[in-house]
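A quick write-up on the structure given underneath.
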2 protein chains.
Amino acid sequence: MGTNAARTDYHHGDLRSTLVLAALEMLEAGEPFSLRAVARRAGVSTAAPYRHFADREALETALAVHGLRELTSDLAAGTDPLVSAVEIGELAVGYVRFALRRPALFRLMFGRACDDQDDDRVRAARALHDYLEAVMTEIFPQSDPAPLATAGWSLAHGLAFLHLDGKLPSTDPVAIDERVRSTFAAVLPPAARPGIEEP
Amino acid sequence: MGTNAARTDYHHGDLRSTLVLAALEMLEAGEPFSLRAVARRAGVSTAAPYRHFADREALETALAVHGLRELTSDLAAGTDPLVSAVEIGELAVGYVRFALRRPALFRLMFGRACDDQDDDRVRAARALHDYLEAVMTEIFPQSDPAPLATAGWSLAHGLAFLHLDGKLPSTDPVAIDERVRSTFAAVLPPAARPGIEEP
DNA sequence: GCATAATGTTAACATTGCTTACATTATCGG
DNA sequence: CCGATAATGTAAGCAATGTTAACATTATGC
């Protein structure tokens with residue numbers, strides 16, 4: 001109990017998870033999202049969520065953590081044995097697809113300042129960054145991976161947001177995938193060849 | 001008048017501009033922003049803004065248009081005779097600086113879907129895109145400028161947002177500038193040399 | 001000058017985030 | 001096994017917000 005209250009089985013039975021789930025469903029459905037609406041959907045009183053989240057922002061942080069983890073595992077699962085530079089483009093395609101598939105969640109994850117007080121959130125964000133850096137290290141063993149990871153993440157992130165905002169044409173999903181690939185190709189073509197022996 | 005009501009001089013004297021200005025000041029000051037608060041600051045009743053903006057979103061769209069124009073002219077003024085590929089990095093530095101200097105405004109400009117109904121907003125967004133494409137055309141005359149413009153914009157945009165969100169360390173402004181430069185250098189090094197004769 | 005449309009005001013409604021006081025029930029020490 | 005206690009949920013209410021409707025006022029065109 002106390003800090004580690006995650007599996008408790010009280011009046012409602014792990015209301016906290018229920019609330020997060022309800023909020024995720026509402027985000028997915030594109031419905032506007034409010035603490036009261038979430039409580040309603042969970043079949044619980046207006047004030048009940050405040051037993052589990054300090055305020056609205058705390059719920060949003062929990063949702064962001066969920067999204068960050070899902071995105072990270074999505075990317076890792078999509079292209080597991082990263083070998084060629086081409087696959088970086090595929091990684092970016094996965095990133096942009098995630099953003100367009102879950103626009104509201106994506107905006108929650110990246111739309112506001114990272115809550116540095118929340119350990120879970122900081123960890124989840126760093127896990128994503130570390131994964132990208134590891135991939136870059138594997139693909140470009142002779143270059144400094146840090147700027148490459150920053151570049152790759154920023155590029156994918158910018159593509160995701162600009163498509164989300166309608167700043168780049170975003171009607172045809174196939175065209176989007178192609179644009180992401182060609183953008184990465186335009187920028188990372190003189191990459192290291194695969195199969196380089198480790199130094 | 002009618003649609004072109006911009007310079008009218010009624011009871012208050014161009015309340016519309018006053019509201020936009022008041023809202024911008026509040027954004028700049030980091031204050032939370034509400035229609036009522038804007039009306040209060042403009043010294044006008046709660047319902048007055050509805051004579052000039054259909055709803056809150058309409059005001060936000062006006063602010064976004066303002067911000068897009070300012071950003072575009074900022075960039076164009078900062079580096080006027082674009083010549084070398086290095087300057088693209090400087091362009092990105094200006095972009096990221098703008099985002100960090102006006103975080104709330106930047107989020108308004110790019111945080112939600114581009115209101116395709118609003119001609120001003122569509123035009124302002126396209127003007128920015130066209131400017132970037134023109135720069136790319138000038139610098140890389142032999143390459144297809146479209147993917148390069150997309151890549152440059154996305155990269156700068158992603159850097160801006162990741163810094164804004166605290167996903168990349170954002171305490172020291174000088175370090176940020178340097179990171180933006182090195183990121184662009186890591187990705188656009190084999191650029192065309194300056195001084196290429198026009199084809 | 002006067003009809004009329006443009007602009008601003010007052011008052012109200014529904015919804016929201018949040019708090020306070022209270023009710024209920026799980027858990028634990030005896 | 002039982003009662004104290006803390007964890008959890010509820011009811012009611014406050015202040016703020018977006019929005020609208022009904023009304024007042026002033027500028028503008030005939």
Side-chain angles (χ1 to χ4, degrees), chain A residues 1-23 25-27 29-64 104 107-108 111-112 115 117-118, chain B residues 1-23 25-27 29-64 104 107-108 111-112 115 117-118:
Chain A
M1 49 232 58
T3 64
N4 195 13
R7 185 61 56 104
T8 57
D9 202 89
Y10 287 89
H11 301 170
H12 181 275
D14 203 0
L15 177 57
R16 186 189 155 98
S17 305
T18 305
L19 291 172
V20 171
L21 196 66
E25 288 175 3
M26 301 184 70
L27 283 185
E31 298 172 24
F33 151 168
S34 76
L35 267 192
R36 290 171 107 107
V38 170
R40 243 173 279 143
R41 173 179 275 246
V44 94
S45 85
T46 296
Y50 287 90
R51 296 293 168 191
H52 300 270
F53 300 98
D55 50 17
R56 184 202 163 103
E57 198 190 331
L59 210 210
E60 292 186 356
T61 297
L63 297 176
R107 290 220 164 88
L108 229 89
R112 43 195 89 266
D115 186 353
Q117 312 313 326
D118 189 277
Chain B
M1 27 250 81
T3 63
N4 193 12
R7 184 60 56 105
T8 57
D9 199 90
Y10 288 88
H11 300 173
H12 182 275
D14 202 0
L15 177 58
R16 187 189 154 97
S17 305
T18 304
L19 291 171
V20 171
L21 196 65
E25 288 175 2
M26 299 184 72
L27 284 185
E31 300 172 22
F33 150 35
S34 78
L35 266 192
R36 292 173 106 106
V38 170
R40 242 174 279 142
R41 174 180 273 247
V44 94
S45 85
T46 295
Y50 286 89
R51 297 294 167 188
H52 300 271
F53 299 98
D55 50 16
R56 184 203 163 102
E57 196 190 334
L59 210 209
E60 291 184 357
T61 297
L63 297 176
R107 288 220 164 89
L108 230 90
R112 40 194 91 267
D115 184 355
Q117 312 313 326
D118 189 277

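No experiment lies behind these values; they were computed from the predicted model shown. To find a chain, count down the sequence lines: A is the first, B the second, and so on, and within it residues start at 1. The basis for the numbers below is simple: all heavy atoms, side chains too, and nothing from hydrogens, waters or symmetry mates.
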Could you pull out the protein-nucleic contacts involving nucleotides 20-22 of chain C (nitrogen or oxygen on both sides, under 3.5 Å)?
residue, atom, partner, partner atom, Å
C:dA21, N6, A:Arg51, NH2, 3.4

Taking only N/O atoms, report every protein-nucleotides 12-16 of chain C pair under 3.5 Å with atom names and distance.
residue, atom, partner, partner atom, Å
C:dT16, OP2, A:Arg40, NH2, 2.7

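Here D:dA7 presents its C1' atom at 14 Å from CG of A:Asp14, a figure rounded to the nearest Å. When the P atom of C:dT7 is taken as reference, atom CG of B:Leu19 falls 12 Å away, rounded to whole Å. Across the protein-nucleic acid pair, B:Tyr50 atom OH and D:dT17 atom P stand 11 Å apart, rounded to whole Å.
Residue A:His52 has no polar side-chain atom (N or O) positioned under 4.0 Å from OP1 or OP2 of D:dA7.
Each of D:dT10, C:dT19, C:dG8 was ranked by its minimum atom distance to the side chain of A:Ala48; first place goes to D:dT10. Minimum atom distance to the side chain of B:Ser45 is reached by C:dT10, of the listed C:dT10, D:dT10, C:dG17.
Atom OH of A:Tyr50 is separated from atom CG of A:Leu35 by 4.5 Å, given to the nearest 0.5 angstrom. Between the OG atom in A:Ser45 and the CZ atom in A:Arg36 there is a gap of 10.0 Å [rounded to 0.5 Å]. Atom NE2 of B:His52 sits about 6.5 Å away from atom CG of B:Leu19, to the nearest 0.5 Å.
Smallest separation of non-hydrogen atoms from B:Pro32 and B:Met26: O-CE, 3.7 Å. Between A:Thr46 and A:Pro49 the shortest heavy-atom distance is O-CD, 3.3 Å.
Not counting sequence neighbours, the partners of B:Ala22 by the side-chain contact (heavy atoms from CB on, under 4.5 Å) test are B:Val38, B:Arg41. Applying the salt bridge (Lys or Arg N to Asp or Glu O under 4.0 Å) test to A:Arg107 and every residue at least two apart in sequence or in another chain returns A:Asp165.
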What donor-acceptor contacts under 3.5 angstrom involve side-chain atoms of residues 54-63 of chain B, with partners at least two apart or in another chain?
residue, atom, partner, partner atom, Å
B:Asp55, OD1, B:Glu57, N, 3.4
B:Asp55, OD1, B:Ala58, N, 3.1
B:Arg56, NE, B:Glu60, OE2, 2.8
B:Arg56, NH1, B:Phe33, O, 3.3
B:Arg56, NH2, B:Phe33, O, 3.2
B:Arg56, NH2, B:Glu60, OE2, 3.3
B:Glu60, OE1, B:Arg112, NE, 3.4
B:Thr61, OG1, B:Glu57, O, 3.0

